[in-house]
> 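One structure coming up, written as structure tokens, with questions to follow.
When reading the values below, keep in mind they use all heavy atoms of this one structure, side chains included, and skip hydrogens, waters and symmetry mates. What you see is a predicted model; the values in this text were computed from it and never measured.
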Amino acid sequence: MRTGIIDAYGNYEDVLRDIRRFTSLAHGSDVLTKALLGNYALLDRGRPLEDLRNSIFRTALSRNSRCPLCERAQVCALDHFLPKNHFPEYSILADNLVPVCERCNRLKGDECDRVDGLLMFHAYFDEFPNTEMLLAEIDVDSTVSIRYALHRSDEIDDLTFGRVEKQFKILGLFDFYQMEAVAELTDQIDLYDETYASLGDSGLQSTLNALARGAERKSVNHWKAALYRALSRNEEFCSGGYRQLLASPMN
């Protein structure tokens, strides 16, 4: 079994590239599956692999301990990118353990598409597209409405865009980002008011553009980057419509 696990570790990146070609080392053996799953407890505090768990969590410090899946919440759990219930041989492989937040860990669950081979984005091995794809749609009427959507450009191939769509669907990111955007705008209302009062609509637009550029340092598809790009391009919002933030609840 030891040799088989070593071979499985060596095949890990190949499995990520085309999961349809591989079956678990423990496939068809409940005894082996149980034994391999039991290894995960070795990562617990006070157990032999506690240092491995701690070192994996330290990798999240480069992202200010933000979850790589939603880019918002703090990491607090280890996600098995290839679910341990499907691939128990990877239950303690560091490359398969990704620090994430509780929400994303719960929603992702045992997601593992063995039919289409369409996996979500791996924080260690995949680059999320750096082409503007996440859009925020702003409507200013009796209130300020925010909706998020994905737009596929010619620079993004069908497979990549399909993976992006899948990730947003599984993690409920459209609704999640909408709620975060509502909180963000509510928190910044004084800034908008002061900027508009002293610099007018062009000043507010410049401020929103600056906030968009700041968020784009994290990612061009960060939810804040999409939000502030959309706000800066919305003439109604910049010419005083932002005051509808105070008039009634946003949605």
Side-chain angles (χ1 to χ4, degrees), residues 62-74 101 103-104 121 123 126-157 160-161 163-169 171-251:
S62 63
R63 302 177 58 92
N64 296 317
S65 295
R66 297 289 184 186
C67 175
L69 297 180
C70 66
E71 298 186 300
R72 179 65 182 90
Q74 294 288 110
C101 69
R103 176 185 177 278
C104 287
F121 284 82
D126 294 319
E127 287 285 340
F128 201 82
N130 197 37
T131 300
E132 188 175 323
M133 180 174 47
L134 180 62
L135 305 179
E137 301 168 351
I138 309 297
D139 182 57
V140 180
D141 194 4
S142 58
T143 186
V144 178
S145 296
I146 307 164
R147 294 285 187 276
Y148 280 92
L150 290 170
H151 169 72
R152 180 185 176 278
S153 72
D154 292 337
E155 300 174 52
I156 302 175
D157 61 81
T160 299
F161 191 71
R163 294 177 68 191
V164 173
E165 287 184 310
K166 179 174 186 173
Q167 185 150 320
F168 269 73
K169 180 179 179 181
L171 300 178
L173 292 180
F174 292 125
D175 291 340
F176 181 64
Y177 289 161
Q178 181 190 39
M179 291 188 293
E180 292 298 315
V182 168
E184 174 74 10
L185 295 191
T186 302
D187 289 345
Q188 298 291 346
I189 184 64
D190 288 343
L191 171 64
Y192 307 150
D193 217 19
E194 292 168 7
T195 303
Y196 185 75
S198 59
L199 301 174
D201 52 358
S202 62
L204 180 55
Q205 184 180 43
S206 295
T207 296
L208 296 170
N209 268 320
L211 290 169
R213 291 193 299 272
E216 285 174 349
R217 294 193 187 100
K218 300 175 183 176
S219 167
V220 70
N221 288 306
H222 192 278
W223 65 269
K224 278 190 182 181
L227 173 65
Y228 283 117
R229 280 195 303 265
L231 292 175
S232 69
R233 297 166 184 169
N234 190 290
E235 294 183 5
E236 195 168 2
F237 185 90
C238 293
S239 61
Y242 72 89
R243 290 195 181 104
Q244 296 302 325
L245 295 171
L246 301 174
S248 58
M250 292 180 288
N251 54 50

> How far apart are the closest heavy atoms of L135 and H151, and which atoms are they?
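Minimum heavy-atom contact is CD1-CB, 3.5 Å.
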
> Going from CE on M179 to CH2 on W223, what distance comes out if it is rounded to the nearest 0.5 angstrom?
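M179 CE to W223 CH2: 11.0 Å, rounded to 0.5 Å.
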
> Of all heavy-atom pairs between A136 and A230, which one has the smallest distance, and what is that distance?
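Answer, listing the atom of A136 first, then A230: O-CB, 3.1 Å.
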
> Can you tell me how far apart CG (D139) and CD1 (I146) are? Round to the nearest 0.5 Å.
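So the gap between those two atoms works out to 10.5 Å.
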
> Do L227 and I138 make a side-chain contact, defined as non-hydrogen atoms from C-beta onward lying under 4.5 Å apart?
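Yes. Closest side-chain heavy atoms under 4.5 Å.
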
> Atom CG of L245 and atom CD1 of I189: how far apart are they, to the nearest 0.5 Å?
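The CD1 atom of I189 is 4.5 Å from CG of L245, to the nearest 0.5 Å.
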
> Can you check whether L69 reaches C101 side chain to side chain, under 4.5 Å on heavy atoms?
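The answer is no, as the side chains (C-beta and beyond) never meet within the 4.5 Å cut-off.
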
> Take the angle between the ring planes of F128 and F168 and call it parallel below 30°, perpendicular above 60°, tilted in between.
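The rings of F128 and F168 sit tilted, inter-plane angle from 30° to 60°.
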
> Can you find a pair of side-chain heavy atoms, one from R152 and one from M133, that are under 4.5 Å apart?
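Result no, sub-4.5 Å side-chain heavy-atom pair not found.
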
> If you compare all heavy atoms of T160 against all heavy atoms of D157, which two are closest, and at what distance to 0.1 Å?
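For T160 and D157, the tightest heavy-atom pair comes out as N-OD1, 2.8 Å.
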
> Got a donor-acceptor contact below 3.5 angstrom from the R63 side chain to the E71 backbone?
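Not at all, since once roles are kept as given, no pair shorter than 3.5 Å links the two residues.
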
> Please round to the nearest 0.5 Å and tell me the distance separating atom CG of L211 and atom CG of L191.
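L211 atom CG to L191 atom CG measures 6.5 Å (nearest 0.5 Å).
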
> Considering non-hydrogen atoms only, spot the tightest contact between Q244 and V140 and give its length.
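For Q244 versus V140, the nearest heavy atoms are CG-CG1, 4.1 Å.
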
> Compare all side-chain heavy atoms of E184 with those of Y228 and state whether any distance is below 4.5 angstrom.
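Answer yes - side chains close enough.
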
> Got a second to check how far N209's CG is from L231's CG, nearest 0.5 Å?
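So the CG of N209 and the CG of L231 are separated by 10.5 Å.
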
> Might you confirm whether atom CD of E155 has over 12 heavy atoms from other residues, nucleotides or ligands at distances under 6.0 Å?
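Incorrect, the count does not exceed 12.
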
> Does R163 make a cation-pi contact with F121 (under 6.0 Å, within 45 degrees of the axis)?
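Here R163 passes the 6.0 Å and 45° test against F121.
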
> Does the side chain of L150 reach to within under 4.5 Å of the side chain of F161, using non-hydrogen atoms?
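Yes, their side chains come closer than 4.5 Å.
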
> How close do V144 and G241 get, counting heavy atoms only, and between which atoms?
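That would be CG2-O, 4.1 Å.
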
> Using side-chain heavy atoms (C-beta onward) and a distance below 4.5 Å, is T207 in contact with Y192?
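SC-SC contact between T207 and Y192 ruled out.
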
> Return yes when atom CD of E165 has more than 12 non-hydrogen atoms of other residues, nucleotides or ligands closer than 6.0 Å, and no otherwise.
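Enclosed: over 12 neighbouring heavy atoms sit under 6.0 Å from CD of E165.
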
> Does Q74 reach the side chain of N64, with side-chain heavy atoms less than 4.5 Å apart?
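Side chain of Q74 against side chain of N64, heavy atoms only: no contact under 4.5 Å found.
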
> Does this structure show an ion pair linking R229 with E216, if we count only N-O contacts that are shorter than 4.0 Å?
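Salt bridge: yes.
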
> Atom CG of L134 and atom NE2 of H222: how far apart are they, to the nearest 0.5 Å?
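Output value for this atom pair is 10.0 Å.
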
> Looking only at heavy atoms, which two atoms of A181 and Y148 are closest? And how far apart?
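Scanning both residues, the minimum pair turns out to be CB-OH, 3.8 Å.
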
> Can you check whether S239's main-chain N or O pairs, donor with acceptor, with Y196's side chain at less than 3.5 Å?
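Between the backbone of S239 and the side chain of Y196 there is a qualifying donor-acceptor contact (under 3.5 Å).
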
> Would a distance-only check, ignoring hydrogens and angles, find a side-chain to backbone donor-acceptor pair under 3.5 Å from Q205 to S232?
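Confirmed, Q205 side chain pairs with S232 backbone.
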
> Look at the side chain of Y177 and the backbone N and O of C70, then say whether any donor-acceptor pair between them is shorter than 3.5 Å.
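Yes; judged by distance alone, with no hydrogens or angles, the pair exists.
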
> State whether F176 and R72 meet the cation-pi test: NZ (Lys) or CZ (Arg) under 6.0 Å from the six-membered ring centroid, and within 45° of the perpendicular axis.
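No, cation not above the ring by the 6.0 Å, 45° rule.
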
